[in-house]
Amino acid sequence: MRIRFGYVAMSTILKDCSPSHTITLNNLMKLSLSADRYKRLAALARMNIANTTRLFHHNRAHDIKVFRLTSKLVPLATHPELDGWDWRQELGADFKALGDLAIRDGLRISAHPDHFTLLNSQRYEVVEAAVKDLIFHEQILDAMGLDASAKLVIHVGGSYKEKPLARERFIENFCLLPDNIKARIVLENDDKSYSASEVLELCQQHKIPMVLDIHHHWCLNQGESIEEILPAVFATWDGESLPPKVHISSPRDGKNIRAHADHIDSRFFMGFLDAAGKLGRDFDVMCEAKAKDAALFQLLQHLAAQGYHFVDRASIDL
DNA sequence: ACCTGTCAAGTCTGG
DNA sequence: CCAGACTTGACAGGT
């Protein structure tokens with residue numbers, strides 16, 4: 001079985017390579033002509049796409065096949081003040097070229113809409129904004145020419161002191177989404193409200209692939225172990241063209257157990273590998289440490305030192 | 001070159 | 001009912 005590793009959105013190694021350049025609304029509005037505003041936004045987006053291209057080359061150089069796009073490729077894309085801007089028209093060719101590169105390199109692309117993208121909010125405007133944000137993310141993947149194997153990872157949302165109702169709201173709103181978005185959505189357990197077993201049940205009932213976040217599971221669980229739920233979690237990916245994915249990170253310190261540390265605790269991760277290895281099924285690992293690619297490289301070094309069998313610089317066989 | 005407050009966006013707690 | 005915590009990366013304005 002093969003395990004491939006990746007990291008999130010940006011590099012701490014490459015210099016001046018942020019894919020998330022933006023502008024504050026205040027400053028944008030200092031430009032009086034809307035054409036000038038759009039020009040500024042497009043320039044920022046092109047810089048972000050260019051830097052994401054550099055990240056793709058960086059990935060190829062290190063055999064990294066798993067990568068998450070930043071949600072900030074197009075500045076202010078879903079801001080209500082900027083509804084008039086057709087960024088797809090303006091940037092379509094740039095995104096297509098970026099997607100061609102991803103496909104050529106066999107990159108497994110995903111995106112993770114931010115924590116305010118809540119499909120199950122009690123407030124209508126919040127759900128509306130969440131749908132708008134999902135559409136935005138989907139349009140980027142679509143503009144890149146990526147098929148439904150490029151996923152959008154989201155959480156169930158808040159519990160609102162009425163979890164059964166909140167859960168139902170998620171399902172209702174999820175079912176109302178357009179098919180092209182539904183086909184991309186995968187659900188992740190979180191560290192405060194929806195545990196792995198709860199998310200798993202939702203995923204099984206509604207045929208949604210599930211991403212297991214090991215760190216979140218450690219923060220919030222019902223006493224269920226990784227070993228007992230992992231086969232069912234992986235089974236939610238049956239019928240998908242790509243293998244299941246897990247997220248890893250380590251607690252920052254004893255006081256902030258939910259916050260992400262700079263690096264991955266490789267001992268802890270090897271414990272997980274032991275459990276996962278018994279299933280004999282390929283999977284991808286997304287490293288969510290704050291040090292990004294540097295943390296991934298450090299983890300891979302630790303694995304190499306322990307004698308794991310590397311098939312290239314960023315994947316191992318068990 | 002470096003520092004600090006602020007930024008579009010939400011939820012939850014505690015006062 | 002409201003302020004603050006939680007938490008990410010980058011801007012913007014100042015020294």
Give a yes/no answer on whether the side chain of Ser159(A) brings an N or O atom under 4.0 Å of OP1 or OP2 in dC12(B).
yes

Would you mind telling me which of dC12(B), dG9(C), dA8(B) lies closest to the side-chain atoms of Met10(A)?
dG9(C)

Between dC11(C), dA8(B), dG10(B), which one does the side chain of Phe116(A) approach most closely?
dG10(B)

Measure CD/Glu288(A) against C1'/dT8(C) and give the value in whole Å, please.
13 Å

When you check the gap from the basic side-chain N to the acidic O, do Asp262(A) and Arg252(A) get nearer than 4.0 Å?
yes

Give a yes or no on whether a salt bridge exists between Asp100(A) and Lys96(A), defined as a side-chain N under 4.0 angstrom from a carboxylate O.
yes

Check Glu162(A) with Arg167(A), please: is the shortest side-chain N to carboxylate O separation under 4.0 Å?
no

Rounded to whole Å, how long is the line connecting atom CG of Asn256(A) with atom C1' of dT8(C)?
15 Å

Does dC12(B) have its OP1 or OP2 closer than 4.0 Å to a side-chain nitrogen or oxygen of Tyr160(A)?
no

Ignoring the backbone of Thr24(A), work out which of dT8(C), dA8(B), dT7(C) is nearest its side chain.
dA8(B)

Can you tell me if the side-chain N/O atoms of Ser18(A) get under 4.0 Å from OP1 or OP2 in dA10(C)?
yes

Name the nucleic acid region contacted by Leu76(A), choosing base, sugar-phosphate or nothing; use a 4.0 angstrom heavy-atom cut-off, strictly under.
base

Any Lys192(A) side-chain nitrogen or oxygen under 4.0 Å from OP1 or OP2 of dC6(C)
no

Whole angstrom value for the distance that separates P of dT7(C) from CG of Asp114(A):
15 Å

Spacing between Lys30(A) atom NZ and dA12(C) atom P, to the nearest angstrom
8 Å

Using a heavy-atom cut-off of under 4.0 Å over every strand shown, decide if Lys132(A) touches base, sugar-phosphate, or nothing.
nothing

Residues Glu288(A) and Arg68(A) bridged, charged N to O under 4.0 Å
yes

Lys/Arg cation over aromatic Phe56(A): Arg104(A), 6.0 Å, 45° cone:
no

cation_pi(Lys245(A), Phe234(A)) dist<6.0 Å, angle<=45:
no

Find the distance Gln122(A):CD to dC12(B):P and express it as a whole number of Å.
8 Å

Using whole Å, what does the distance between atom P of nucleotide dC6(C) and atom NZ of Lys290(A) come to?
14 Å

What interatomic distance, in whole Å, is found between P of dT7(C) and the corresponding atom of dG14(B)?
15 Å

note: Asn120(A), atom CG; dT11(B), atom C1'; distance rounded to Å ~ 11 Å

With sugar-phosphate meaning primed atoms plus P, OP1 and OP2, does Ser121(A) contact a base, only sugar-phosphate, or nothing at under 4.0 Å between heavy atoms?
sugar-phosphate

In plain terms, say whether Asp83(A) and Lys132(A) are close enough for a salt bridge, that is, a side-chain N and a carboxylate O under 4.0 Å apart.
yes

In whole angstroms, how far is the P atom of dT6(B) from the CD1 atom of Ile23(A)?
19 Å

Regarding Asn59(A) and Tyr7(A), do their side chains bring together a donor and an acceptor under 3.5 Å, going by distance alone?
yes

Under 4.0 angstrom between Arg123(A) side-chain N/O and dT11(B) OP1 or OP2
yes

Ranking dC12(B), dA9(B), dT7(C) by distance to the side chain of Ala259(A), first place goes to dT7(C)

It should be established whether His21(A) places a side-chain nitrogen or oxygen under 4.0 Å from OP1 or OP2 of nucleotide dC11(C).
yes

Indicate, with a heavy-atom threshold strictly under 4.0 Å, whether Thr70(A) touches base, sugar-phosphate, or nothing.
nothing

For Asn27(A), which contact category applies under a 4.0 Å heavy-atom criterion: base, sugar-phosphate, or nothing?
sugar-phosphate

No-H, no-angle donor-acceptor pair, Thr78(A) side chain to dA8(B) base, under 3.5 Å
yes

Proximal nucleotide (of dT8(C), dA8(B), dG10(B)) relative to the His79(A) side chain:
dA8(B)

Atom P, compared across dA12(C) and dA8(B): separation rounded to whole Å
10 Å

Atom P, compared across dT8(C) and dC2(B): separation rounded to whole Å:
24 Å

Does Lys161(A) make a side-chain N or O approach to OP1 or OP2 of dT11(B) shorter than 4.0 Å?
no

Among dC12(B), dA12(C), dA8(B), which nucleotide has an atom closest to any side-chain atom of Ser193(A)?
dC12(B)

Go through it in stages, so that I can follow the logic: the residues are His217(A) and Ser195(A), the test is side-chain hydrogen bond (donor to acceptor under 3.5 Å, both in side chains), and I'd like the CA-CA distance, side-chain angles, deciding distance and then a yes or no.
CA-CA 7 Å; His217(A) 173 74; Ser195(A) 70; over 6 Å; no

Can you give the dot-bracket line for DNA chain C, where a pair is Watson-Crick or G-U wobble with both atom distances under 3.5 Å, crossing pairs use [ ], and | marks a partner on another strand?
||||||..|||||||

